[in-house]
Structure formats: structure tokens, C-alpha cells
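Scope of the values below: all heavy atoms of this structure, side chains included, with no hydrogens, waters or symmetry mates. Predicted model, so just to flag it, every value in this text is computed and none were measured. One-based numbering, in listed order, for ligands and for the atoms of each.
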Amino acid sequence: MELLKVEHVTMQFGGLKAINNLNMSIEKGEIHGLLGPNGSGKTTCFNVISGVYQPTEGDVLLEGKKINGNQKYEINQLGIARTFQHISLFSTMNVLENVIIGQHCRTKAGIFSAMLRTRSDREEEKRVVERAYELLDFVGLTHRAGELACNLPYGEQRLLEIVRALASQPKLIMLDEASAGMNSVEKDNLIRIIRAISAEGITILMIEHDMKLAMSLSDQITVLDHGAKIAEGLPQAIQTNQKVIEAYLGKGGVARAKHAASEKS
Ligand code: ADP
Ligand code: MG
């Protein structure tokens with residue numbers, strides 16, 4: 001069953017179509033890879049889906065209902081959470097507080113505005129903290145709970161971004177280059193975490209520069225180039241798709257790669 005549908009979406013900035021008439025469909029429960037060279041429109045696609053930008057044309061549908069036109073927080077409440085290519089934690093708050101803020105859209109009381117706390121507010125607050133610790137435990141960051149987010153090593157900040165997104169209990173989580181800057185041990189841990197998120201029934205849309213990681217995790221892949229979709233399908237088919245290879249290497253690059261391969265043999 002289809003969870004998210006991007007229908008004829010164009011996102012124009014001045015004279016530039018960062019996304020050009022994009023159609024994309026994400027099935028419930030799948031891990032969907034969004035690939036493409038730098039500047040091909042991947043992050044813009046996340047920005048349109050998550051409500052940072054209103055598309056110039058087209059619609060985004062979640063479970064068949066149009067969501068573009070809603071505010072970011074409303075889209076988050078509807079079940080879409082994301083991480084950012086450039087980490088955007090609350091750096092002067094501690095790790096636990098960052099996760100608690102992530103849950104904000106699911107709590108009745110409004111954690112920080114509740115001046116007159118009722119018994120049920122206090123109980124809710126207790127559950128929020130418990131759940132935050134569960135989530136930290138899930139990615140192995142419990143021991144960091146009291147530390148300032150900005151003092152965490154880079155790889156752990158990336159995990160905290162994921163946890164904060166998970167805290168809003170999304171149906172769809174969108175990861176923008178989650179493995180960027182991670183070493184191979186951290187990447188292996190990330191793969192385990194992404195598989196575990198998927199096993200919880202959460203649908204995943206991920207932008208990923210590490211081809212090996214993208215190919216091994218994705219059920220389906222969509223490839224963008226200059227804002228347009230140039231390929232979609234199973235990882236094996238994407239890997240050998242001529243248009244995709246050309247988009248990444250450039251036409252000259254393909255010729256050079258073939259030349260290099262023939263020199264080797
Ligand atoms: P990717 O994530 O695939 O590297 P982006 O979506 O970040 O690519 O960018 C796609 C294109 O859109 C780039 O040329 C970028 O400069 C442009 N772009 C993205 N956001 C804006 C914006 N807010 N204003 C103007 N141009 C933008
Ligand atoms: Mg990007």
C-alpha cells in the first residue's frame with residue numbers, strides 16, 4: 001500500500017527548477033533510497049515533503065490526503081519526521097531535552113507552557129521522559145543524556161538527530177545523508193539502527209551518498225538528476241542503469257572509466 005505520493009511536483013527558485021515535474025511513490029514499510037549527484041534536488045524534495053517549501057506546482061499526498069499547504073509542525077503531526085543534511089540540534093540543550101522536544105507534537109500538555117500542572121500533566125511528563133530514555137537506549141546514547149548536544153562527537157550527533165525525529169512517532173522518517181562523516185564502524189551501527197527502525201514498521205526515505213550503504217539497505221531507489229527523475233527501481237537495476245552512471249560520472253567520466261577498465265584488463 002502506498003504511504004506517500006509526490007505528484008507532478010515542481011519547485012522553482014527564480015529561474016531554477018530545483019525539482020522538475022517529479023512523480024514518486026513510497027510504499028508503506030519500505031526503505032526507499034533517494035539518490036542523485038550534488039545539486040540534483042534531493043534535499044529540496046525533503047523540504048517540499050516536510051513543508052519547508054510550498055511546491056510551485058503539484059501535490060504531496062500522505063495516505064491519499066494532500067499535505068502540501070500545511071505548516072511544518074502540522075506535517076510532523078500528520079506523521080512525517082526528518083533529519084537534516086546539516087545537523088540542526090538544539091546545541092545548547094542537553095541530549096535528553098533534544099529528544100523531549102522531538103516528542104512535543106505528540107503531547108497534550110505542551111511541556112514548556114504548562115504553568116498550572118495538573119496530575120495528568122505530570123503523568124504525561126513522566127511518560128515523555130521515560131520514552132525519551134527508551135529512544136536514547138535504542139541508539140546507545142543513554143550515557144550521554146545529560147551532556148550538551150554540541151559536545152557529542154559528530155557521529156553521535158547524527159544519531160541524536162534520528163532519535164529526535166523518531167520521538168514524534170512518525171509513519172515516515174526521512175534521513176538526509178545520515179551517514180555523512182561517519183567512519184565504517186559508525187556506518188555499520190547506523191545500518192543496524194535503520195534496519196531496526198524499519199522493523200518497527202516505520203517507512204524510511206533516505207538520501208544517501210554512500211552507494212554501498214544505499215544499495216544494501218534500499219528496497220526501492222529513485223534517482224534524480226537536475227531535478228528530474230532519471231531512474232527508479234530495484235537496487236540491482238539502478239546500479240547498472242546507463243543514465244544513472246552517466247549522471248554520476250558525466251558522459252566524459254563514463255568514457256574515462258571504460259578506458260581505465262580496458263587498460264586494467
Ligand atoms: P541535493 O540535495 O541533491 O544536493 P538541493 O536540493 O540541495 O540538491 O539543491 C538543488 C538545487 O536547488 C541546487 O542548485 C541548489 O542550489 C538549489 N536550491 C536549493 N534550495 C534553494 C533555495 N532556497 N533558493 C535557491 N536555490 C535553491
Ligand atoms: Mg542535499
Side-chain angles (χ1 to χ4, degrees), residues 4-26 31-60 67-73 75-76 80-89 154-155 157-162 164-165 170 172-182 186-187 190 194 204-215 217-218 220-233 235 238-239 241 243-251 253:
L4 189 88
K5 195 165 186 175
V6 172
E7 268 184 351
H8 298 294
V9 163
T10 294
M11 186 67 231
Q12 189 148 359
F13 298 110
L16 173 80
K17 284 184 176 167
I19 304 179
N20 191 356
N21 193 23
L22 177 66
N23 289 297
M24 184 167 72
S25 179
I26 315 290
I31 301 182
H32 196 114
L34 184 59
L35 308 185
N38 267 331
S40 58
K42 305 178 300 292
T43 296
T44 302
C45 186
F46 275 22
N47 284 335
V48 168
I49 295 170
S50 61
V52 175
Y53 300 137
Q54 301 301 327
T56 315
E57 283 171 54
D59 286 316
V60 180
I67 59 166
N68 52 297
N70 283 298
Q71 299 293 316
K72 282 184 287 186
Y73 78 91
I75 291 176
N76 187 218
I80 298 180
R82 69 174 294 187
T83 66
F84 292 84
Q85 182 173 351
H86 304 289
I87 292 177
S88 76
L89 296 165
Y154 187 76
Q157 290 193 21
R158 287 231 162 261
L159 294 184
L160 181 54
E161 278 247 321
I162 295 176
R164 190 181 54 177
L172 172 70
I173 186 169
M174 305 197 292
L175 308 173
D176 196 344
E177 300 198 19
S179 79
M182 287 188 173
E186 289 170 326
K187 279 184 186 177
L190 177 69
I194 291 176
I204 299 169
L205 177 60
M206 57 175 206
I207 296 172
E208 187 48 65
H209 261 302
D210 182 321
M211 279 300 147
K212 237 177 80 195
L213 203 150
M215 293 296 166
L217 279 172
S218 302
Q220 282 287 320
I221 290 179
T222 297
V223 187
L224 302 183
D225 190 26
H226 298 292
K229 182 167 72 185
I230 56 164
E232 67 186 338
I238 294 296
Q239 261 171 318
N241 182 302
K243 276 191 192 165
V244 175
I245 295 167
E246 277 175 18
Y248 272 93
L249 297 175
K251 288 212 162 116

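With 2.8 Å as the limit, N38 does not count as an N, O or S neighbour of the Mg ion (ligand 2). Because the distance cut-off is set at 2.8 Å, T44 fails to qualify as a neighbour of the Mg ion (ligand 2), as none of its N, O or S atoms comes that close.
Checked by distance only, ligand 1 and Q85 stay at 3.5 Å or farther apart across all their nitrogen or oxygen atoms.
Using a 4.0 Å cut-off between charged side-chain N and carboxylate O, E246 and K243 make no salt bridge.
Less than 4.0 angstrom separates some heavy atom of S40 from each of these atoms of ligand 1: 1 (P), 3 (O), 8 (O). If you number the atoms of ligand 1 from 1 as listed, the ones under 4.0 Å from a heavy atom of Y53 come out as 20 (N), 22 (C), 23 (N). Within ligand 1, counting atoms from 1 as listed, the ones closer than 4.0 Å to a heavy atom of T44 are 5 (P), 6 (O), 9 (O), 10 (C), 19 (C).
In this structure, L4 and M174 have side chains that are not in contact, with every pair of non-hydrogen atoms separated by 4.5 Å or more. The side-chain heavy atoms of I204 and L217, taken from C-beta on, include no pair separated by under 4.5 Å.
Of the protein's heavy atoms, none falls inside 4.0 Å of atom 16 (O) of ligand 1.
Residue I75 holds its CD1 atom at 6.5 Å from CD1 of I80, rounded to the nearest 0.5 Å.
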_Audit row: S179, M206, side-chain contact (heavy atoms from CB on, under 4.5 Å) steps and yes/no_ = CA-CA 10 Å; S179 79; M206 57 175 206; over 6 Å; no

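The residue among G227, G39, C45 with a heavy atom at the shortest distance from atom 10 (C) of ligand 1 is G39.
Neither the backbone nor the side chain of N47 has a heavy atom within less than 4.0 Å of ligand 1.
For G41, the closest heavy-atom approach to ligand 1 falls below 4.0 Å.
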